[in-house]
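The structure appears below as structure tokens.
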Amino acid sequence: MKNTFFANSFEQDVYNLVRAIPEGRVTSYGAIANALGAAGASRRVGWVLNKSFGAVPSVPAHRVVNRVGMLTGAGHFPPGREMAAQLRSEGVVIENNAVVDFETRFWNPMTDL
DNA sequence: CATCTGACCTAGT
DNA sequence: AACTAGGCCAGAT
């Protein structure tokens, strides 16, 4: 389905979609890109999220992981806002830099949005 | 201006 | 089923 937001810019779309992720849920870069109609541009999503730290309101980028559920971007998170820490605060169990029961915690933008 | 790398994903072996 | 290789878009060197 098409986003109810507006496609003013790719980064804006990514921001809105990531902000729409419910607490305690996670999604993947590919799902976001696909939901935005930019299938295959999953790398771009990651790059957009990289600069999303300075954006306001804060973008819960910690809820975005790769397809396997690994916190690949944990090392790029600023100090005090580590991925695993925030996810744990939301009730998500992290084991070895990966989300436990990722498929259960997975949130599909197109389906649930 | 050409090349490489990177918060990835899909497909082939 | 696990591993390797290729493809994708954008920024950095």
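Lettering follows sequence order; numbering is per chain, from 1.
One interatomic measurement links the two molecules: CG of A:Asn34 to P of B:dC9, which rounds to 11 Å at whole-angstrom precision. Here B:dT5 presents its C1' atom at 8 Å from CH2 of A:Trp47, a figure rounded to the nearest Å. Atom CG of A:Leu17 and atom P of B:dA7 are 22 Å apart (whole Å). A straight line from CG of A:Leu36 to C1' of C:dC9 spans 14 Å, rounded to a whole angstrom. With rounding to whole Å, A:Arg44 atom CZ is found 17 Å from C:dA12 atom C1'. Between A:Phe106 atom CZ and B:dC9 atom C1' there is a gap of 13 Å when expressed in whole angstrom units. When rounded to the nearest whole Å, the span between CG of A:Leu49 and C1' of B:dG6 equals 13 Å.
A:Trp47 meets the side chain to side chain donor-acceptor pair (under 3.5 Å) test with no other residue; sequence neighbours excluded.
Remark: the A:His62 side chain and the A:Glu90 side chain contain an N/O donor-acceptor pair separated by less than 3.5 Å.
Between A:Val64 and A:Ser28, every side-chain heavy-atom pair lies at or beyond the 4.5 Å cut-off. Looking at heavy atoms from C-beta onward, A:Leu17 lies out of side-chain contact with A:Val14 at the 4.5 angstrom threshold. Annotation: side chain of A:Phe53 is not in contact with side chain of A:Val59 (no heavy-atom distance under 4.5 Å).
Cation-pi contact between A:Arg44 and A:Phe10: present, with separation from the ring centre below 6.0 Å and deviation from the ring axis of at most 45°.
For B:dG6, neither phosphate oxygen OP1 nor OP2 lies less than 4.0 angstrom from any side-chain nitrogen or oxygen of A:Arg43.
For A:Asn50, whose side chain is taken as the heavy atoms from C-beta onward, the closest listed nucleotide among C:dA10, B:dC9, B:dA7 is B:dA7.
A heavy atom lying under 4.0 Å from DNA chain B marks the following residues of residues 53-77 of chain A, by number: A:Phe53, A:Ala61, A:Asn66, A:Arg67, A:Thr72, A:Gly73, A:His76, A:Phe77.
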